[in-house]
Amino acid sequence: ASAEEVDMAKAKAEGKLVWYTSTAIGQANNLALMFEKQTGIKVELFRSGGSAILRRFMQEASAGKIAADVMTMSDPAAADQLSEKGTFVAFKPKDFDKITETARNKDGYWIAQRLNAITIYMRGDKVPPAERPKKWTDLTDAKYDGKLVMTDPSFTSVQLTTVGVLADKYGWDYYEKLNDGDIMIVQGNQQVADNIKRGERLIAVGALDVYIAADRRNGHDFVSIYPEDGTLLIPSPTGIIKGGPHPNAAKAFAEFMISPEAQKTFPETGEYSARVDMAPPAGNPKVDEIKLMPVDYEKLETQAAEIKEKFNDIFR
Amino acid sequence: MARILISGLTKSYTGNGAALSALDLDIKDNQFVTLLGPSGCGKTTTLRLIAGYMTPDAGTIRVGDRVISSAEGVAPPDKRGMGMVFQNYAVWPHKTVYENVVFGLKLRRIPSEEARRRVLETLALVNLTGLENRFPAELSGGQQQRVALARSLVVEPEILLLDEPLSNLDAKLRERMRLELKQLQRRTGITFVYVTHDQAEALALSDQIAVMHGGKLQQYGTPDDVYRRPANKIVADFMGIVNFVPGIARGGETIEIDGVEMRSPHAGGLVPGEPIDVAVRPENVRLSRDGADGKRLTGTITEKTYLGNLIEYWVQLASGAVLRAQTHPLEQFDPGEAVGLVIDAQESSVFPRGEASPSTKH
Amino acid sequence: MARILISGLTKSYTGNGAALSALDLDIKDNQFVTLLGPSGCGKTTTLRLIAGYMTPDAGTIRVGDRVISSAEGVAPPDKRGMGMVFQNYAVWPHKTVYENVVFGLKLRRIPSEEARRRVLETLALVNLTGLENRFPAELSGGQQQRVALARSLVVEPEILLLDEPLSNLDAKLRERMRLELKQLQRRTGITFVYVTHDQAEALALSDQIAVMHGGKLQQYGTPDDVYRRPANKIVADFMGIVNFVPGIARGGETIEIDGVEMRSPHAGGLVPGEPIDVAVRPENVRLSRDGADGKRLTGTITEKTYLGNLIEYWVQLASGAVLRAQTHPLEQFDPGEAVGLVIDAQESSVFPRGEASPSTKH
Amino acid sequence: MSSIAAASGVARPSAASRWLSLETFVLGGAILSLVILVVLPVASLVVASLWSEDGVTLAYYERALTGGSYLRALGNSLTLGAWVGLISVIVGVPLAWAVSRTNVPGKPLIQATATLSYLSPPFLTSIAFVNLFSPNAGIINVLLRDVLGLGITFDIFTMSGLVFVTALHTFPFVYLLASSALQSVDASYEEAAQILGASKIRTALTITAPLVAPAILSGTLLAFVNAIALFGSQAIIGLPGRIVTLPTRIYALFDYPPQYGLAAALSLLFVAITVIALYLQRMFLARRSYVTLGGKGARSQLVDLGPWRWVLFGVCVLVCLFAVVMPFASLIAVSLSKSWGLDFWQSLTLDNYRFILFEYDVTRRAILNSLVLATIAATACVALGAIIGWIDVRTKMPGRRLLDYASLVPLGLPGIVMAVALLQFWLSVPYIVLYGTFAILLLAYIGRYVPLGVRAANSSLRQVDPSLEEAAHILGASWGHTMREITLPLIRPGLLAGWLLVFVPVVQELSASILLFSSGTITLAVAVYNLYETGYIEPVSALAMVNMTIIVVAMLIAHRLGAGRKTVSDDSSTSFGGAR
Ligand SMILES: Nc1ncnc2c1ncn2[C@@H]1O[C@H](COP(=O)(O)OP(=O)(O)OP(=O)(O)O)[C@@H](O)[C@H]1O
Ligand SMILES: Nc1ncnc2c1ncn2[C@@H]1O[C@H](COP(=O)(O)OP(=O)(O)OP(=O)(O)O)[C@@H](O)[C@H]1O
Ligand SMILES: [Mg+2]
Ligand SMILES: [Mg+2]
């Protein structure tokens with residue numbers, strides 16, 4: 001494919017760009033600094049939760065006061081929808097084709113920054129190997145009663161994806177059963193990790209694996225299962241905002257984002273790079289060794305509200 | 001200039017009857033006018049209306065030829081150039097005595113040296129020298145009241161409203177303060193509107209007294225008028241002790257009490273034979289050991305009270321009516337003793353029996 | 001039983017001199033004792049100590065034979081079975097009149113029917129019938145004071161402490177209230193400790209009067225004692241108007257004023273020739289139009305004040321000393337007139353000239 | 001006024017000058033500010049709740065009121081609010097009374113307890129309490145069950161747990177307002193009850209507490225509304241306990257794709273609750289007067305509790321233990337551990353502090369921004385509160401009640417709703433570019449927290465006898481002068497309490513900040529959130545500790561500056577922030 005060229009002279013003349021992102025703060029800082037060092041272009045960073053970023057951007061957009069140049073979020077469904085609305089600039093930078101196919105918009109409206117693995121993780125010390133679940137459906141077994149924890153899709157967009165996909169595949173019945181097993185519902189991935197760490201619950205039913213990556217390095221005995229009936233690898237889309245104040249710098253940054261230098265920082269912190277040619281995080285299986293669960297983002301996008309409501313009905 | 005003209009002033013508090021109805025008062029410049037009346041009769045209400053804290057329901061208050069209050073609106077208190085001593089003192093608890101008193105002078109931008117001098121002078125006037133740096137909570141009740149007084153005096157306003165400013169002072173000090181107030185008024189020409197519950201104080205101080213009752217003005221006149229020529233029984237009753245002695249009008253200036261005839265200049269216009277009440281003050285009853293002689297009533301002493309500079313007796317007349325009389329301590333009678341009484345009818349007022357008796361409710 | 005024995009009671013507020021020093025008082029059961037003295041002399045402080053709100057610095061207070069206050073500790077006010085009317089009323093602003101008064105009865109678990117009856121009775125007593133449902137902020141100053149009075153009366157405590165309970169009432173009502181208080185005391189046998197600034201009130205009501213000055217007890221005795229036989233100049237001065245007429249002791253009971261000799265039973269023990277001050281009350285000066293005759297002083301009227309039931313004159317003696325005299329309104333003199341004076345020396349007190357004059361500071 | 005002007009030439013200029021006076025200006029300004037800060041954003045909310053793509057509709061209300069889950073959430077919220085309000089009174093009033101009116105020992109400790117419990121960010125204390133009381137792994141539960149062998153297990157994930165944690169955060173509302181009011185109660189009111197035979201406790205219950213009813217009710221109202229609106233603890237404790245509340249429902253509606261209309265309708269339901277609560281409060285206070293600072297130099301006197309003071313002190317210590325020691329100890333422990341959940345003593349480290357102080361580059365800027373913003377916002381809220389409160393309590397201005405209601409509404413709005421309303425409003429205002437500046441953050445903060453300032457001032461003003469102001473007026477003091485010299489100094493304890501009540505949540509404000517900050521105006525709460533959101537609970541705890549240390553220091557300084565001379569002359573009078 002023919003990569004689009006970035007006009008570096010113009011980008012440098014613009015001098016800076018504004019990046020709205022839900023990337024972990026340390027990582028985001030790191031990337032911004034790397035880019036500045038490389039190009040001399042300053043990155044003004046807005047780091048916040050995925051939905052806060054979106055909310056803010058949409059408010060600005062509806063008032064016609066666009067401040068962001070580049071946006072990284074954690075919800076591909078939303079990204080698709082925004083793409084359709086013409087929010088993003090189509091841009092296929094160098095190495096566009098090195099990105100996992102499911103992790104980029106085919107027209108280049110967005111490209112994944114990284115892939116978020118949703119795993120079933122658990123306390124290795126408390127759940128003996130024989131007891132460990134292998135598949136999503138194992139979790140409804142009565143022996144896990146009172147041991148499970150998961151997030152609420154109303155607050156966590158990756159969980160919305162997970163619930164959407166699993167409910168589609170196994171029916172809402174699956175969640176009814178989890179409910180019967182006294183699963184704990186928490187607000188976000190942070191609390192899932194926290195509850196597992198403290199041993200309040202032992203097994204996370206589909207949560208962002210990266211939240212325990214650092215803990216694992218620190219010596220916690222955490223075991224992650226990549227379910228045999230399909231693992232979710234959810235891309236974090238990055239798009240260039242149409243009408244942003246620094247269009248060229250934005251392109252330069254988007255290109256940088258998928259460059260090997262930038263991408264190799266993700267495995268270092270326990271996340272999957274969006275590039276096919278990058279090694280997985282230490283100790284994790286390679287992307288092609290994982291049985292991936294296909295996601296129909298278009299469908300998700302239309303059903304979001306319905307999924308949340310249904311979920312709420314079951315778990316209240 | 002600082003003449004206050006009040007006409008038709010009416011005010012009622014929500015839910016209750018009128019606290020003040022159709023009050024007319026003409027307070028001349030440089031006058032010392034006292035509002036007098038039983039508790040709850042509307043004295044404070046009147047002062048507060050004059051000060052501009054409340055909007056009247058009807059009527060107007062004029063100072064000079066400016067309308068300063070009417071039902072349509074009131075000029076704000078801070079623009080009225082008045083001073084006021086509040087019945088509850090309203091001394092500022094967070095300011096020392098000195099700061100309380102100097103407040104008004106500071107507002108007037110008096111240089112601090114002079115202000116200091118005037119404050120100290122005024123504090124001396126009210127006998128508070130040495131307490132400048134106390135907070136009100138560290139003062140006795142009477143001392144707080146004097147702070148309130150000093151605070152309003154020090155600025156020498158054109159009109160001074162005083163709501164029972166001496167109520168918590170002892171007679172000695174009160175007398176001194178009265179004198180000082182009177183002198184201050186003469187010296188400065190301030191118009192005083194003074195509320196007191198003390199008839200003697202009112203009589204001693206005032207140029208004019210307004211006697212109020214139940215929100216209505218009963219009489220407005222000089223102390224002598226009010227005391228000696230009360231407009232009605234209410235005033236007669238309120239202005240010191242009074243005996244209402246039943247009698248009968250005999251035509252012309254002649255009246256009859258207990259079979260004894262006497263002449264009263266106030267008896268004109270009464271129908272002969274009409275039952276009357278003669279308002280007799282205790283000091284207008286003269287007791288003696290002389291017996292009946294057609295000019296003299298007779299009675300028996302039933303009670304004797306020592307009042308210091310006076311002795312008061314309750315005397316039961318032959319008709320059964322009881323009369324209070326006061327004598328000089330040098331003339332003493334004993335309970336049970338039969339005495340003769342002469343009533344000074346010249347000094348007594350006569351009212352038809354039918355006229356409403358002063359209600360005791362206030 | 002409810003005899004209060006105070007001995008050596010001393011209290012000073014931080015930073016200031018003693019508000020009360022070494023007070024001794026023996027208040028007998030069923031007595032009506034009045035604390036009298038100039039503003040700031042420590043009356044309220046004494047009451048507050050009796051009530052148990054403060055710990056004395058020294059001295060004790062006994063009720064019956066129980067020590068209820070000493071420097072070591074005080075029995076709490078709620079265990080003392082006393083009642084108190086506060087100088088600042090302290091009526092609870094968030095309770096209606098009825099709720100204020102019924103409070104004490106509720107504490108005593110009086111059945112609500114009876115409580116209601118008693119409250120209404122007491123409110124009638126203080127002339128507040130009909131105002132039961134008002135809040136204090138909707139009352140006049142005097143009405144609030146009466147609520148405070150009613151609140152303490154309704155529970156009929158053994159000992160009642162009253163701090164100027166009638167100061168904001170008019171003379172008429174005050175007199176009625178005095179009577180009611182006196183009757184209540186006779187009927188119930190309550191021990192009253194009463195603070196007033198009104199000498200006449202004290203004289204009329206009290207069994208015993210304690211005259212205080214500057215935190216010290218000056219005299220404790222019956223009204224007659226205190227008024228007619230003051231222990232010192234301070235008392236003489238404080239108890240009503242007094243003239244201090246300069247004179248000379250002539251040995252025995254004889255004294256001389258302005259060349260006129262007279263006999264005084266109080267002059268014993270004085271060195272002949274010693275300069276003295278004779279305390280003469282205005283009512284003990286008799287004015288007449290008679291001229292000098294060796295028994296009579298002479299003087300000239302300089303001022304005349306109308307007091308209603310009395311007329312007061314200022315008379316300048318030949319020696320230049322000025323005397324106040326009061327006469328019955330039926331005997332009138334005019335300013336400038338020369339008059340003869342007779343001083344009732346029997347009723348006058350004699351003090352050596354050197355004795356401290358009453359300070360005017362309080 | 002017109003007839004007066006007509007009646008005399010002299011009155012005319014005074015009428016005119018009055019119209020231009022400072023009073024008109026300030027009162028008008030305050031009303032205008034309230035309109036801008038509160039009324040307009042709320043109006044835009046009303047519009048949003050009635051407006052769908054197809055025009056005006058009641059569909060959102062229909063959904064809000066018929067959807068079972070919303071009604072359940074409403075029910076839970078009301079239950080939560082009611083219990084928290086009750087407990088706040090039960091804890092706050094006795095503590096306030098003890099500190100202000102008795103000789104209980106350890107007053108600084110009680111002050112510190114109340115201040116610190118208010119200070120600890122609710123979401124962090126919730127986490128701390130989860131650490132302590134979660135049924136399986138909660139430290140206390142483990143201790144009780146495994147170490148002591150007792151069969152007791154506390155479950156924090158219940159309504160009681162939620163009430164408990166929330167009340168620990170809200171009782172200071174009652175405490176702070178009540179204790180400042182209690183300082184201006186003349187002792188003779190209590191003495192009058194005692195001499196009638198009322199015991200100390202009875203006096204406290206029947207006289208003292210009712211006398212400061214405006215403050216207690218204001219505090220309770222704030223506690224009630226705040227408890228309902230507090231999102232953090234409801235998300236962390238409520239969700240696992242399957243207790244849905246209105247805020248959690250409303251927050252969920254803002255997730256992509258946002259359902260703004262429904263959220264607006266639900267929020268207005270919230271506003272309705274707030275308004276009803278205020279209405280009840282006003283009903284209760286109507287007509288009664290609570291003037292405890294009269295014109296006769298109020299004295300305050302300490303009640304000697306005898307041995308009971310140690311009992312009361314014990315209760316205080318207990319509250320302190322639960323409200324401060326346990327959550328803080330747990331936070332400190334987390335902040336000092338390399339990774340929470342490993343063996344504590346072996347993973348002890350100061351790394352987290354090093355990280356947030358020296359490596360996390362926004363910390364210092366955020367702290368500075370937050371302190372400046374909070375100082376300005378707290379001062380503005382208190383000033384505005386004093387004026388609005390004054391209008392309500394002292395004037396007969398028509399519509400003053402509406403003003404009082406308007407000034408309470410923002411409190412009842414979940415932060416996110418208020419923030420979105422503000423954002424929408426200010427983004428749509430042409431020419432005024434506030435976006436991305438400190439100004440918009442300030443507008444949001446003042447708008448959100450002005451209720452706290454108003455309630456504090458309102459309840460304080462009710463205690464002050466108006467004749468104290470009148471006495472200044474008649475001496476010729478203008479309105480402004482009287483305010484400055486008389487009114488404000490007299491209600492200073494209340495205003496200081498109000499200042500503190502605003503300062504603390506502003507430092508911790510997140511839901512509006514996160515939409516409104518820019519790189520230059522990042523705030524502490526946003527910085528904390530960013531760390532937390534990406535999984536670093538240990539540095540978050542460290543930052544929270546640093547944050548609290550700084551707030552405490554800032555408050556001590558502010559208190560020193562603000563607490564001028566004593567108001568009620570008595571060595572016993574106290575106010576928050578430490579012992580005198
Ligand atoms: N809290 C206080 N701190 C310091 N000094 C005080 C305090 N209370 C009273 N005093 C002083 O103690 C003295 C006695 O006060 P007290 O209130 O007993 O006087 P009082 O006789 O009741 O006077 P009044 O008739 O004016 O009420 C006064 O000089 C007063 O200034
Ligand atoms: N705020 C109020 N609300 C309702 N009624 C009131 C209010 N203030 C006063 N009143 C009533 O109005 C009447 C007049 O009150 P005002 O205060 O003028 O009396 P006053 O003559 O000053 O009495 P006092 O000598 O007792 O001070 C009283 O009957 C009182 O109960
Ligand atoms: Mg009055
Ligand atoms: Mg006193």
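First the proteins, then the strands, lettered A, B, ... as listed; each starts at 1. Since this is a predicted model, take the numbers as computed values, not measurements.
Taking NE2 of D:His473 as the start and CE of B:Met84 as the end, the distance is 13.0 Å to the nearest 0.5 Å. Atom CD1 of D:Ile474 and atom CZ of B:Arg151 lie 11.0 Å apart (nearest 0.5 Å). Taken from CG in B:Asp78 to CD in D:Glu23, the straight-line distance is 8.0 Å, to the nearest 0.5 Å. Distance check: B:Trp92 CH2 to D:Thr487 OG1 gives 10.5 Å after rounding to the nearest 0.5 Å. Atom CD1 in D:Ile486 sits 5.0 Å away from atom NZ in B:Lys95 (nearest 0.5 Å). Distance OG1/B:Thr55 to NZ/D:Lys396: 9.5 Å, rounded to 0.5 Å.
No more than 12 heavy atoms of other residues, nucleotides or ligands lie within 6.0 Å of CD in B:Glu113, so this atom counts as exposed by the packing criterion. Other residues, nucleotides and ligands contribute only 12 or fewer heavy atoms inside 6.0 Å of the CZ atom of D:Arg401. By the neighbour-count criterion of 12 heavy atoms within 6.0 Å, atom NZ of B:Lys182 is densely surrounded, having more than that number from other residues, nucleotides or ligands.
A salt bridge links B:Arg48 to D:Glu470: one of the charged nitrogens lies within less than 4.0 Å of a carboxylate oxygen.
Minimum interatomic distance between D:Ala471 and B:Tyr53 (heavy atoms only, all atoms of both residues): N-OH, 4.1 Å. D:Leu468 and B:Val91 get closest at one heavy-atom pair: CD2-O, 3.2 Å. Taking all atoms of both residues into account, the shortest heavy-atom contact from D:Leu475 to B:Leu107 is O-CD1, 3.6 Å.
Chain B forms the most heavy-atom pairs under 4.5 Å with one residue out of D:Pro466, D:Ser478, D:Gly476, and that residue is D:Gly476.
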